[in-house]
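Beneath this line is the structure, given in C-alpha cells, with notes to follow.
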Amino acid sequence: MKPFFIAIAKNLTLLIVPDSDAHADGHPVLTYTYSIYRRGKSTVAKLNQPDKLLQANKKNNPDYLGYIAFEQPGKVFSYVADGENELSPDEVLDVIEEINHFRDTPQLWTI
C-alpha cells in the first residue's frame, strides 16, 4: 500500500503513510499503523521518498499529526497525537473511515 492523500474537511488535505510495506508471497499485506501528515510543502517534497518521512524525526515536522493504529480492523482503533499538532475527534473518525475505505478496496492500492 502506497502513501495516499485524503480530504476530510473543506481546507484539510492529509497525507496517509502506511508505516510498513510488507509483502507475503508477492502479494501486498495491509499495514496496521498509518502516519498522518497535513499536506505541507516539506511533506509533499518527500512524498517520492516515503521512507524519509518515516525515518525523519516526526515530532519535529510541523505537518505531522500522529498516527492511527488498527488494532482490530473495523472494530478497535487508536489515535496517538505525538507531534506538535493533532486532529480533532471528528477528524480522527473521518480519517479512520477513509483508511477503512482504502483497506477494503484493493483496486485503490494495488498496481
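Taking every heavy atom of both residues into account, P62 and R38 meet most closely at O-NH1, 3.8 Å.
Residues that satisfy the side-chain hydrogen bond (donor to acceptor under 3.5 Å, both in side chains) test with D82, not counting sequence neighbours, are Y64. In this view, T13 satisfies the side-chain hydrogen bond (donor to acceptor under 3.5 Å, both in side chains) rule with no residue, not counting sequence neighbours. In this structure E97 satisfies the side chain to side chain contact (heavy atoms under 4.5 Å, CB included) test with no other residue, sequence neighbours excluded.
Side-chain N or O atoms of N85 include none that pairs as donor or acceptor with a backbone N or O of D63 at under 3.5 Å.
Side-chain contact between R39 and L15: absent, with no pair of heavy atoms (C-beta onward) separated by less than 4.5 Å. A heavy-atom distance below 4.5 Å is found between the side chains of Y37 and V17. Counting heavy atoms from C-beta outward, I99 and F77 have side chains that stay 4.5 Å or more apart. The side-chain heavy atoms of Y79 and L87, taken from C-beta on, include a pair separated by under 4.5 Å.
Here the CZ atom belonging to F102 is positioned 10.5 Å from the OH atom belonging to Y34, to the nearest 0.5 angstrom. With rounding to the nearest 0.5 Å, the separation of CD in E98 from CD1 in I8 is 8.5 Å.
Cluster membership for Y67 and L93, using ILVMFWY side-chain heavy atoms within less than 4.5 angstrom, is not shared.
Just one residue in the list N100, D90, L65, I36 forms a side chain to side chain contact (heavy atoms under 4.5 Å, CB included) with V95, and that residue is I36.
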